Student: 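Just passing along the structure, written as structure tokens.
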Amino acid sequence: MPESYVDRLVARYEEQLQGFGASLPEEFKKSALLLDGVLGESELDQWAETGIRLAGQSLRAWEAATEYFRATPVIHATIGFQGIIAWAQLAANIAEKSSLVAASFIKFTPSVLEYLTLDDLEEWSLQGDRLFRGNWKSGTLSAAYFEHTPALLKFLPLASIEKLVSIIDALTERSYELASTCLESATRIFGELESSDREPFLGFARAVTRASWADTRLYFERGPSLITSISPEHRADFLDLSAKVTSEVGRQAFPLFADAAESLGQLSEDTHAEHILFASNIAIGSPTAAMEYLKIVPFVSNRLTSEQLRRWSAVGEEILTVENNAEGAEAFFRLESTRAENSLQELSSRIELASINTLLRMYAKALTGEQVGIYSVEELVDQNIGWVQESVATTEGSSIYLPPFVATFDEQEANFQSYKVFATHQTGRIEFGSFRYKWNQPGIYTGSTILEREESAQSRREVSADSDEVSPSSALTAMQRYFNVFDERILISGIFTVVEDTRVDAYVSREYGGIRKWLRQLQAHEGNRRPRVENMPLRAAFVENLLRTSLGRPETMRWPTVYREFLESGLAALKIVEQDDATVQDSAEAAAAIFDIAQRIPNVTPAMSDGKFDFDSPSEDMLSIQPAMPSGDGPPLDMQSNDQEIEFENPPQPEFRGDFKPELVQLLARLKQQQEGQVDGEGAPLTKEQLKELLENSVEITIAEWAEGDLDESLGMFLENLEQAATPSGEGKSDDDSKGSDESSGGQGDGEEQELPMEIDWSYYDEWDFRASDYRPRWTRVGQRFHEAEEEPEFYEETLRRHHGLVMETRKQFEMMRPEVFKKIKRVEDGDELDVDLAIEFYIDKKAGIGPTGKVYNKRNKMERDVAVAFLLDMSASTDEEIEKQRQSNSNDDDEDDFDGDPRKYFQWLAARRASQMIEPPKRIIDLEKESAVLIVEALEAIGDSYGIYGFSGYGRDNVEFHIIKDLEEPMGPLVQRRIGKIEPIRSTRMGPAIRHTIHKLNEYDAKVKILIMVSDGRPQDHGYGKDRTEKEYAVHDTKQALLEAKRDGITPFLITVDKEGHDYLQQMCDDIGYEVVDDIESLPRRLPTLYRHLAVE
Amino acid sequence: MTKENKSYTQLAVEDFRLTKEPYYLEINDEVSLFEAAYNNHIPVLLKGPTGVGKTRFIEHMTWRLQNSVGDAPSDGVPLITVACHEDLTASDLVGRYLLEGDETRWIDGPITRATKAGAICYLDEVVEARKDTTVLIHPLTDYRRLLPVEKRGELLEAADGFLLVMSYNPGYQSALKDLKHSTRQRFISIDFGYPDRDQEAAIIEVESGATPEYSRDLAKLAEKVRNLKEHGLGEGVSTRLLVYAGKLMVAGISPRRACQVSVVWALTDDMEVQRSIEEVVTSIFDE
């Protein structure tokens, strides 16, 4: 066989190919053979030449050449020989810089060509080339790019990949590692994304990279899953919006995006379009506001219907577009503005318990005449004393627990009325005595049979030798003893609940005609939501039917006509308690009678009874049944069941009636009595065993709820909880405000010496956001506490001693101001008393022809001095500064020259100064504040004005410390003196909330003239009191606003500062509010009383 | 001293007599107590919150005395009422000199006139008056039954039918406005509480002419609102206000509105308390 051209070709180049890597000649040979007959001879030559040139380009270019030879046979099919040449040129260009990159380019060309044309190859090579910067890292990246492209091309067109490249390129400027991670994850990400999302995803990625490169990784990691929660049609819009926002807001963009995406995920997808559109509209004015809007939408739409939501957002939009206040709109959509909250509240039909708590408390108090607390039912559940349902109303006998909010109806009014019905039903239980069941007492309409029942139960149990059963006398409460009588506690408990609730509802509609309508509405609402009777076994159906009647919906009863007499006698018994004046004793009897009937009904379904019965609608007779006590025992319902009976379960309670646990309530009442020491005739204190027995038998608590672990242990805990709940008010249950008292540490050392426990009373105040021109609702939390006291009033006494001259002088001045309580004004034209002397004078004058004066009356005028003043002392850390130093830093040390360059003189001076400082430590600003406090106390005690002294400091908006040194109504005494001694610098100066709290205190206080004097050493500043640490505007504006609030409430505010630079911000802060900069700091103690005299007297 | 005019009648206080029996429903035994006190010249202190019928009671008693009870004069017992206020002085009660022409003329004050006429002198809300006035009445209230008229240097012996009655509302007790013991212990004290629901309903029905149902509901409302005393309310709603509400209802005002103006708004200015009471009102009345 003659040697082919290819063989010759191989032979020709073999030598040249030696010296490169071993695989090169092999690949060359392999490909050449493959190309044999495919390419012409000259083409083959050119092909080989090109490869060899490539191999020779650099030290390791042979690898690229190997790839070249390997790839050519494959790609020839697609791009032809000319294509190969052009492509090889591209490779050569790359190889000039990096053979590694070129190898990668060549290697992946075949796969790429599945997606790209020959023309695209150049673009592709350029993209890879772009990533190469001549160093090793960029080479790897670039090679990786070529490697990943085939996979990427499955999902992205080349043009989009270009965008990705530019993102990665941008990242390389920061971190190669990040860039390659992104590149590597790109295929996976774009594979996961829907095709329509890919482009927008890139668009946003580019924006993120530009704005905040470090977030790119996060975005690549979390982005795809974040956007899956968004409706597919609108992901692109959302990403576009996010991209736009990013270009404006920079670094904040990614968190905003992530939150907004998560928020959207909580909403139903069909609303996404609207929200994203709205956000895009406001993004024009404020991108941040747009994202904030998306973030808050789930919260708001939980409270508003979509129409209301539209109206609510329109308010925010108006702030943006009409008022042109972007910051205001942002605060609005962040719900950090009063306007946003108010408008939400106005629009929302949902009623929050917190907003009507006081109202309902008074309402309940009015209805029951007892001090009834209103709490969220969550709190009762937290107490873990047997109540577990968080959504229904209930009472434990002394407080009423209501669901935290009601949003059942679309109308606010209806939801409010629901609350009222809830509350009225619960107060009804208290008012109409649901918990006052007494053992063996007759009712109004029924006698008592319970004793006989107990006896027969007793003998029955003896026969069956059921030793587990409790003896009746051991019952702790009447209710427990009552329930003990019945063999099926679940059944009797269910029936008693229905009967007693029927009685209470009947009472409520009789006594409170005004609620009747709403009660009916709720009853109807509940009636419509009842489970189907047809699905219930017969006994449960029996109870359910009674319940439906008691909801005023007898027509919805379903009962087999063949057994009608059972239901009829049950209904008749139920009707007994609907009559006027029926008592809980009647309920108990009726329940017992109904229990008897129910016991005779097997708990089976129609299916189990071989179709012996069916559920039918009630007859006319049944609807108009009259109250009657069922007559004794009857035969059990005649039915042979082929199956076991189904275990009885009570039908669910209607929501508005809530949980009813009379047994527990009576127990709690008993425990309470015991703790208050009034052990009544019923017997000795309760033992743990007795309690345990009650709780184990009671069906009012589900054992499973608390007995997951050791039964005894959880029972013990449960008992403790119960006892705590029974503790007289104040100890067991925390009041609304004292919740935060566990955070009392606040930089206070040993609190043991104090007379008063370190209790912190928290209040919330709005803060003024001048940018949004609106208050941030409940933004700051002020913790009021009594200030710590020294052991002995050393400081106070020391100050009095040191300044006794000044003290005397001030006191004298103040004493002169002391007014008379009554002042007799003589010679007025009209008054209480005729002054006979003047009258006689009048006549003499008249007779003598002298123009008489008609002022012949005396008048007595009450001139009560009625001034209350609150001093607010800055206890910020800066008051720790020594005055000497401050003075030095202020007054460029002009004594320097005095030493004439003589070091001896200087050292003498220094020694003298040190010595004086040894005797008397350098004074700090706070010391002067304290001294001033002492002086003012002395002065004010002389004049008798009411005054309070408070200190403030703290850190952050959640922890503004407000220290009471002397409260307005507190008498002056050693304790106050000792507290003054303990005044010490703490942390920051958030003036606004401190002022607001003082205003609140002054408002509570009854006085004609009210003054607030604040002493500080500098401008207001605190963590988060402004955009960033350096911003001063926000704090100054808020303080100013607080001062204006004081004026609005008729309080005269006055500011004293020892900050020499105070003029600039005080001018802005005080407008027309009085202030003074005390230049000579040490004159503060002298100055304060003087200023006070001016303020309080004029 | 009677002047007649077409539109009004002007009478001297001691000449005024009630012509119609004022309605009063005895709650306890206050009627017989008062009669016994009157017959024995024992001054009476009526204690109780505003609007429970103290004034009505005294009117009723005057009318009863005038109509043949006890040893009252045959032409009846006049009732002289003085509403006390914080600027009421001793001379306002006893009398004063006035200028008339070229001379001064003495004018008797109400207490002097009552002493002379043998009237019941009723000092309403006596704690409001200044302390000096209460001291003034001391000699009148013990066995002496004398009124010193200092400015004229006279002593007045009270006529036989004279009795001093004061009313006092312990509700707004502050240290400033309490009766001194020396004053207190000269009176027997009849306590006026709120009537119970049925009695109050009866009173409202008679006084306002409202239907028994409305009257009962109003009484119920009163009971509930009084539960709020000391919790935002200084004092419970008075029977008087309930009667007003009843009258408004008779006049065709809707019950809720009637209660709003005569109970809710009359009782307090505190918005929150107002709302709470209003909720009680809307619970009881359905329109």
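Given the structure is predicted, the values throughout are model-derived calculations rather than measurements. In the text below, chain A, chain B and the rest are named by the order of the sequence lines, each starting its count at 1.
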Student: Check whether Phe285(B) forms a cation-pi arrangement with Arg516(A) (NZ or CZ under 6.0 Å from the six-membered ring centre, at most 45° off the ring normal).
Tutor: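 That pair does not qualify as a cation-pi contact.
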
Student: In terms of heavy-atom proximity below 4.5 Å to chain B, should Lys420(A) be classed as side chain, backbone, both, or neither?
Tutor: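 The side chain, not the backbone.
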
Student: Got Phe416(A) and Glu279(B) here, is their nearest side-chain heavy-atom distance under 4.5 Å?
Tutor: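 Yes, close enough: below the 4.5 Å cut-off.
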
Student: Given heavy-atom pairs under 4.5 angstrom as the criterion, report whether the side chain, backbone, both or neither of Glu370(A) touches chain B.
Tutor: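 Answer is neither: Glu370(A) stays 4.5 Å or more from chain B.
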
Student: Could you tell me whether Glu150(B) atom CD has more than 12 heavy atoms of other residues or ligands within 6.0 Å of it?
Tutor: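 Atom CD in Glu150(B) is not packed in, count stays at 12 or less.
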
Student: Tell me, for Arg256(B) versus chain A, whether the close heavy atoms (under 4.5 Å) come from the side chain, the backbone, both or neither.
Tutor: side chain

Student: For atom CG of Asp580(A), decide whether the heavy atoms of other residues, nucleotides or ligands shown that lie under 6.0 angstrom number more than 12.
Tutor: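 Yes, enclosed.
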
Student: Do the charged groups of Glu511(A) and Arg197(B) touch, with an N to O distance under 4.0 Å?
Tutor: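 Arg197(B) and Glu511(A): salt-bridged.
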
Student: How long is the span from the CH2 atom in Trp518(A) to the OG1 atom in Thr282(B), to the nearest 0.5 Å?
Tutor: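 Reported to 0.5 Å precision, the distance equals 10.5 Å.
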
Student: Quick check against the 3.5 Å criterion: does Asp286(B) have a side-chain atom that pairs as donor or acceptor with the backbone of Gly514(A)?
Tutor: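 Judged by distance alone, no pair lies under 3.5 Å.
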
Student: Any sub-3.5 Å donor-acceptor pair from Lys224(B)'s side-chain atoms to Leu367(A)'s backbone N or O?
Tutor: yes

Student: Between atom OG1 of Thr358(A) and atom CZ of Arg275(B), what is the distance when rounded to the nearest 0.5 Å?
Tutor: 10.5 Å

Student: Please round to the nearest 0.5 Å and tell me the distance separating atom CG of Asn227(B) and atom CE of Met362(A).
Tutor: 13.5 Å

Student: If you look at every heavy atom in Ala366(A) and Leu228(B), which pair is closest and at what distance?
Tutor: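 Looking at all heavy atoms of both residues, the shortest contact is CB-CG, 3.8 Å.
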
